[in-house]
Amino acid sequence: MPRVHLAPLSSRSRRRLLLSRPLLGILSNTFSASASAPPPRALPPPLPALSPLLPPRSEEASSVAAASTAIAASFRDWFVESPVAVPAPLRALDAIYEALASDGTAALEALPLSEQLVLAVLGHCPRRLPDDDALLLLRLKFFDWSGRHPRYRHTRAVYHAVFRLLSRARRNAVVVNWLRLFSDSLSASGHPRFHDTLVVGYAVAGDPQRGLSLLGNMRFRGLDLDAVSSRILLNSLVDASLHDLADSFARNLPASPYATCIRIKSMCRRARLEDAVALLDTLPFAEASSGPAAGSVVTEFCRRGRFGEAAQIVDKFASCDVYGAWIHGLIEAGRLDTTLKFISDKKESEGYIPDGQRYDKLIYRLLRRNRLGEVYDLLVEMMEEGIAPGRSTMNAALCFFCKAGLVEVAMHLYRSRMELGINPNKDVYNNLIRALCRGGETEEACLVLEQAMEGGYFPGRQAFAMFANMLCQEGKLDKVRELLDRALKQEVWPMDSVLAKYLVALCKSGNVEEACVVPQIASSKSHVGLYRYESTYKSLIRALILIKRVDMLPRLVLEMQDTGHIPSRSLYQSVVCALCELNRYAEILELLDSQLQRTELQPRVCYNYFISGAGHAKRADMAREVYNRMEISGIEPSVESNTLLLMSYLRSRRIGDALNFFNLIRGKKRPGSKLYNVFISGLCEAQKPEQAMVFWREARDNGVIPSISCYEHLVLLLCSVRDYDSVVKVIDDFRETGRPVSAFLCNVLLLHTLMGDNLLKALLRSRDKSKPLEVNGEEIHGREAGRLLIGDLVTSFASGIRNMSDLEHLGEEMEKYFPVDSYTYNMLLRGLSMAGRMDAACNLYERMCRKGYQPNRWTFDIMVHGFCKTGDKNEAERWMDAMYRNGFYPTWYTMRLYNSASLQAHNQKIISFV
């Protein structure tokens, strides 16, 4: 074979690593004997009932610690177990790569080279090397070295493996160059099936047309491809979307199930699913169900949302391969409950167990939705069924333990990552950092962050923000500065909120000048420093606004445009708003004139930006001045311009001017839905219920349907002034629009049902005048749920408050018919808290977390408030600690109640002592 010239690795140390005799013995034994089955393993205990956001109770600490230890030991034993299909010990293969990295190939001379060993080395991923170009270079180096060994000769399978490696690394040009060298080599001409290897190489390199040309030359010489090479070329033609050539080539091939499978794949890619199904029916059941034929059809049906037809194919060609394709399609479509039910049913009826790849994909999707109980069940099921964990499974398990509040288990496995073969990815590092931050383990989080950056990973935006915020709260600004420096070295820039909080922390510490020079921390790396980043300008502008240094804002806005960054509407809005708040009106008009002389923004867009900024600052006069300048310049105000000026009047509480301007617009042209929505919502925010109802009726009489946001503002205002009869009228009108009810409307109605029975009485009065409500099974699950069941929601919630028997199950029933969110659960928690049923409130909180809803400040405040009222100081203290750890603070009333409960408990201790 031709000699391949490879550049030496400059980043590796030049050390010679000798392979010891025990290592050679391991290799020889591995490739000569099969691995023995692992011994039976004890399953981990059930997952302890705890929350990732809440520290465990003191009486539960010992049981949780014991369960965590048992879980960690069980998963450690599982991770230690090597897969049965591993062709060589990991340490031996790692040693081969270390020898290659240190240019110590002389130490490899004693290796018993064979096709199996070479394929094992090429497919191995060393633990200490990232899967990047450096690893690819080492693989090619081993391929080159072994090919020149006198006692070994590369086979077609080895060539194909190298071609696949290069193709996956998007090095198709390298494959083509190799093939050219290979074809020009005199020694290669005598290679058995020489031309087949060339054709396969071009097919894998993504150039099947050249492979076809070479096939033509072969046939001219009386040669032809073997069956395997023909199928590879046909598949490459389909992958390259050369379907006409693929059909023509397939007609010249002898009939075989493999060629038929590739033709089915081609039809699926061309959306000819009926033809694909018809061709699938021509195959015998064994070939149709065991190969990718039926799986390709099922996958394509799922991708197009035709799940019923896909299910028919699954039932007709039931097999493990088809089941795997069906599971893949359901997971990709987000149908996780259907996937879990399918796996459970098939396991019970047929004993079907998915492979590790399907388990991993399902686990990651469940993790993304915070369905932690099901994730743990799947991991234990994999362990029980003897499915050896891959690196993806190990990383998923670490992410799960972090999310489930078992960060001790995750850290125990993480510290043994080298021994267990764990190669943490970015998700693992992000979850570890977030979990350690929630637990207040700052030093441990710093250590994990250092190790992540050493491995080339930098934390994601959420983990970076949480870690930096925690450092800012603890006053460790030096570490924040160091973290920012490392971010720049990694070519990553943090979120604006992180930089703003860092600047705020510097300002609070009295170091305002340091805050102003933060964007210059990368000036030593580039003469433009951080100003090449658009986020730098945004962050600096927002920081200057925060510390009221507005004199530099106009210059920065114009300067960022000189570097090619166009300011967004929100940024311009913030700048104009900050200048208005300090009465810098002359500078605003000067900035407007300067911006109009540039070409980055259209004049009408520029005027709208300034009107919006003045409106947010509640400077209606300034907004009107900009509006007048637009009219004087000959630009006709658009609907958006009129809307922005109307919003400026409403925000400034100048209702009379807003009414006059609305009448002025109405005199010129009939207002549309957008103008009515803004005007009615503005009147609601200004606490003008009578006028809001007048213009709402006017809009409905004119055939305008207000937006859902407008209905929400109106219902909220009417409920706040206790005009429940009008609320019922608005809700009835909302039913007529046919829109689905929003979570906000449900939450407002629940809140005022919680505050009294007046809303329920108004609803019952309205029902007495109308026809009885009839609901059938088909309607309650569809779009009509919001129209038909709002009254039933209020009635059920009011009944639950009175009886306190079914209130904790109301959330589960509501999810069937209404959109719910964290606020909805907070309302239910408040109802249970008012009744003193804190045990039921804790159960509802756990259900809320299992459903993936993130607890907020009010969730913790309600729980602390409820425990304080029941006199349970220990639980109140535990929940208060959880609130602080998650970055929230209690309300004034809850804090006073908490202090009173603490003082009362202290007095009781003194009395009992006396």
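Starting from 1, each residue takes its place in the sequence as its number.
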Undergrad: Where is the tightest heavy-atom contact between Leu372 and Leu367, given as atom of each residue plus distance?
TA: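 So the two residues come closest at CD2-CD2, 4.1 Å.
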Undergrad: For the pair Ser822 (side chain) and Gln854 (backbone), establish whether a donor and an acceptor sit closer than 3.5 Å, ignoring hydrogens and angles.
TA: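 Between the backbone of Gln854 and the side chain of Ser822 there is a qualifying donor-acceptor contact (under 3.5 Å).
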Undergrad: State, to 0.1 Å, how close Leu379 and Trp78 come at their nearest heavy-atom pair, and which atoms those are.
TA: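 Heavy atoms of Leu379 and Trp78 come nearest at O-CH2, 4.0 Å.
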Undergrad: I'd like to know if Lys476 pairs up with Glu443 as an ion pair, taking the criterion as any Lys NZ or Arg NE/NH1/NH2 lying under 4.0 Å from an Asp or Glu carboxylate oxygen.
TA: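 Yes, charged N to carboxylate O under 4.0 Å.
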Undergrad: Is the shortest side-chain heavy-atom distance between Leu378 and Ile343 below 4.5 Å?
TA: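 Side-chain contact under 4.5 Å: no.
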Undergrad: Does the side chain of Glu444 reach to within under 4.5 Å of the side chain of Val407, using non-hydrogen atoms?
TA: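 Contact flag for Glu444/Val407 side chains = no.
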Undergrad: Any donor-acceptor pair under 3.5 Å linking the side-chain atoms of Asp77 with those of Ser74?
TA: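 The criterion, which ignores hydrogens and geometry beyond distance, is not satisfied for Asp77 and Ser74.
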Undergrad: Can you check whether Thr891 reaches Trp858 side chain to side chain, under 4.5 Å on heavy atoms?
TA: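 SC-SC contact between Thr891 and Trp858 confirmed.
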Undergrad: Of all the heavy-atom pairs spanning Leu413 and Ala72, show the shortest one and how long it is.
TA: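 Scanning both residues completely, I find the closest heavy atoms to be CD2-O, 4.0 Å.
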Undergrad: Please lay out, stage by stage, how Tyr414 and Val448 fare under the test side chain to side chain contact (heavy atoms under 4.5 Å, CB included).
TA: CA-CA 9 Å; Tyr414 173 77; Val448 172; 4.2 Å; yes
Undergrad: Check whether Lys479 reaches the backbone of Leu471 with its side chain - one donor and one acceptor, N or O, closer than 3.5 Å.
TA: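 Not a single qualifying donor-acceptor pair exists.
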Undergrad: Spell out, as yes or no, whether a donor-acceptor pair under 3.5 Å connects the side chain of Thr339 to the backbone of Arg335.
TA: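 Here the side-chain-to-backbone pair exists.
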Undergrad: Check Ser416 against Arg76 and note the closest heavy-atom contact, atom names and distance.
TA: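 In terms of heavy atoms, the two residues are closest at OG-NH1, 2.8 Å.
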Undergrad: Would you please test Phe401 and Ile71 for side chain to side chain contact (heavy atoms under 4.5 Å, CB included) and show each step?
TA: CA-CA 10 Å; Phe401 289 127; Ile71 291 173; 3.5 Å; yes
Undergrad: Just how far is it from atom CD1 of Ile433 to atom CZ of Phe467, taken to the nearest 0.5 Å?
TA: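 Here the rounded value is 7.0 Å.
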Undergrad: With side chain to side chain contact (heavy atoms under 4.5 Å, CB included) as the criterion, how do Arg878 and Met863 come out once you've worked through the C-alpha distance, each side chain's angles and the decisive distance to 0.1 Å?
TA: CA-CA 10 Å; Arg878 194 170 72 96; Met863 299 300 292; over 6 Å; no
Undergrad: Taking side chain as C-beta onward, heavy atoms only, is Glu441 less than 4.5 Å from Leu447?
TA: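 No, side chains not in contact.
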Undergrad: Between Lys403 and Asn431, is there a side-chain donor-acceptor contact under 3.5 Å, judged purely by atom types and distance?
TA: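 No, no side-chain donor-acceptor pair sits under 3.5 Å.
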Undergrad: Out of curiosity, Ser833 OG to Arg837 CZ, how far, rounded to the nearest 0.5 Å?
TA: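 Spacing of OG (Ser833) from CZ (Arg837) equals 12.5 Å.
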Undergrad: What verdict does the salt bridge (charged side-chain N to carboxylate O under 4.0 Å, His left out) test give for Glu374 and Arg365, after you've listed the backbone C-alpha separation in whole Å, the side-chain angles of each residue and the deciding distance to 0.1 Å?
TA: CA-CA 11 Å; Glu374 288 145 326; Arg365 289 299 179 95; over 6 Å; no
Undergrad: Would you mind checking if Arg371 and Asp337 are paired as a salt bridge, meaning a charged N to carboxylate O distance below 4.0 Å?
TA: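 Here Asp337 pairs with Arg371 in a salt bridge, since their nearest N and O are under 4.0 Å apart.
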Undergrad: Of all heavy-atom pairs between Ala396 and Tyr364, which one has the smallest distance, and what is that distance?
TA: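 Closest approach of Ala396 to Tyr364: N-OH, 3.5 Å.
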Undergrad: With a 4.5 Å cut-off on side-chain heavy atoms, are Pro890 and Met880 touching?
TA: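 Yes, side chains in contact.
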Undergrad: For the residue pair Asn899 and Arg896, confirm or rule out a side-chain donor-acceptor distance under 3.5 Å.
TA: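 Absent: no donor and acceptor within the cut-off.
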Undergrad: Counting C-beta onward and ignoring hydrogens, is there a side-chain heavy-atom pair between Tyr884 and Phe860 closer than 4.5 Å?
TA: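 Counting from C-beta outward, Tyr884 and Phe860 never come under 4.5 Å.
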Undergrad: I'd like to know if the side chain of Thr894 pairs up with that of Asp861 as donor and acceptor (distance under 3.5 Å, no hydrogens or angles considered).
TA: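 Yes, side-chain donor-acceptor contact under 3.5 Å.
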Undergrad: Assert yes or no for the condition that the ring centre distance of His412 to Phe75 is strictly below 6.0 Å.
TA: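 They do not qualify: ring centres at least 6.0 Å apart.
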Undergrad: Taking Phe888's backbone N and O only, do any of them form a donor-acceptor pair with Asn886's side chain (distance below 3.5 Å, no angle check)?
TA: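 Such a contact is absent between Asn886 side chain and Phe888 backbone.
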Undergrad: Atom CZ in Phe400, atom CD1 in Ile363: separation rounded to 0.5 Å?
TA: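 Between atom CZ of Phe400 and atom CD1 of Ile363 there are 9.5 Å.
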Undergrad: Can you name the nearest heavy-atom pair linking Cys842 to Trp879, along with the distance?
TA: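 Cys842 and Trp879 have their closest heavy atoms at SG-CZ2, 4.3 Å.
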Undergrad: Between the side chain of Ser574 and the main-chain N/O of Ser570, is any donor-acceptor distance below 3.5 Å?
TA: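 It does hold such a pair.
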Undergrad: Nearest 0.5 Å please: distance from the OH atom of Tyr825 over to the CZ atom of Arg847.
TA: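 Reported to 0.5 Å precision, the distance equals 4.5 Å.
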Undergrad: Any chance you could measure Ser392, atom OG, to Tyr359, atom OH, to the nearest 0.5 Å?
TA: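 Output value for this atom pair is 14.5 Å.
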Undergrad: Is there a donor-acceptor pair closer than 3.5 Å between any side-chain N or O of Asn395 and the backbone N or O of Asn423?
TA: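 Indeed, once roles are kept as given, a pair shorter than 3.5 Å links the two residues.
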Undergrad: Between Arg358 (side chain only) and Asp355 (backbone N and O only), is there a donor and an acceptor less than 3.5 Å apart?
TA: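 Judged by distance alone, no pair lies under 3.5 Å.
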Undergrad: Give the intermediate values and the outcome of side chain to side chain contact (heavy atoms under 4.5 Å, CB included) for residues Lys869 and His865.
TA: CA-CA 6 Å; Lys869 288 185 66 176; His865 187 98; 3.4 Å; yes
Undergrad: Rounded to the nearest 0.5 Å, what's the gap from CG on Leu844 to CE on Met838? Could you check?
TA: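 It comes to 10.5 Å.
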